[in-house]
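Every chain is numbered from 1, with letters handed out A, B, ... down the list of sequences. In this text the structure is predicted, and so the values were computed from the model without any measurement.
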Amino acid sequence: MASTLASTTSATNREAIYLALMSIPAGNVITYGQLATLAGLPGAARLAGTVLCGLPENTELPWHRVINAQGKISLPPDSAAYKKQWQRLQAEGVEIKNGKINLRIYGYNN
DNA sequence: TTATTGACATAAC
DNA sequence: TGTTATGCCAATA
């Protein structure tokens, strides 16, 4: 049932991304591709990124748990959002080694 | 309506 | 290991 998540609703794909993101527990991270797949949109990793980029600053969605397939934060290292994401991840127990996160350990659905 | 761009992924070379 | 090409969805020009 949770395999397609939101695929049974009238939600737009953008909203499906929101729902999928909500299902990620603290202490875990997920890649854009997995997030899209979880939302029922395999291959639409780009949409995941586009959607997160449009999130308001006061959103409650755990956008910081989304990283790229390389286990790195897909944001300019000098941006404030980058640091904030980094800090939030560590606060949830995600250990970051040399700027990279071990998806084998912290990856969701892994 | 078509073209371009964007917090990406995967395969092929 | 790094570069190139293709796919996907939405927003904007």
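- Rounded to an integer number of Å, the gap from NZ of A/Lys72 to P of B/dA9 is 11 Å.
- The interatomic distance linking A/Asn68 (CG) with B/dG6 (C1') rounds to 14 Å, in whole Å.
- Shown here, B/dT1 forms no base pair; nothing in the strands shown gives a Watson-Crick or G-U wobble contact with both key distances under 3.5 Å.
- The side chain of A/Asn13 has C/dA10 as its nearest neighbour among B/dA7, C/dC8, C/dA10.
- Using a 4.0 Å heavy-atom cutoff across all strands shown, A/Gly33 reaches sugar-phosphate atoms only and no base atom.
- Going from atom CG of A/Leu75 over to atom C1' of B/dC8 covers 12 Å, rounded to whole Å.
- The listed nucleotides are C/dC8, B/dA7, B/dA9; the one nearest the side chain of A/Ala44 is C/dC8.
- For the pair A/Gly43 and A/Arg14, both in contact range of DNA chain C, the more 5′-proximal nearest nucleotide belongs to A/Gly43.
- A/Ala69 comes within 4.0 angstrom of the backbone, heavy atoms only, and of no base.
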Could you please spell out the steps behind the side chain to side chain donor-acceptor pair (under 3.5 Å) verdict for A/His64 and A/Gln87? CA-CA 9 Å; A/His64 53 276; A/Gln87 184 174 359; over 6 Å; no
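- Not one side-chain nitrogen or oxygen of A/Thr50 sits closer than 4.0 Å to the OP1 or OP2 atom of C/dA10.
- Atom CG of A/Leu35 is separated from atom C1' of B/dT10 by 17 Å (rounded to the nearest Å).
- Rounded to the nearest 0.5 angstrom, A/Asn109 CG and A/Leu103 CG are separated by 12.0 Å.
- With rounding to whole Å, A/Leu52 atom CG is found 13 Å from C/dA10 atom C1'.
- Rounded to a whole Å, the CG atom of A/Leu47 is 22 Å from the P atom of C/dT6.
- In this structure, the separation between CG on A/Leu52 and CG on A/Leu75 is 9.5 Å, given to the nearest 0.5 Å.
- Each of B/dA9, B/dA7, C/dC8 was ranked by its minimum atom distance to the side chain of A/Arg46; first place goes to C/dC8.
- A/Ile17 places its CD1 atom 12 Å from the P atom of C/dA11, with the value rounded to the nearest Å.
- For A/Tyr32 and C/dC8, the OH to C1' distance is 16 Å, given to the nearest whole Å.
- A/Gln85 places no side-chain N or O within donor-acceptor distance of the main-chain N or O of A/Tyr82, the cut-off being under 3.5 Å.
- Proximity of a side-chain donor or acceptor of A/Asn102 to a complementary backbone N or O of A/Arg104 within less than 3.5 Å is detected.
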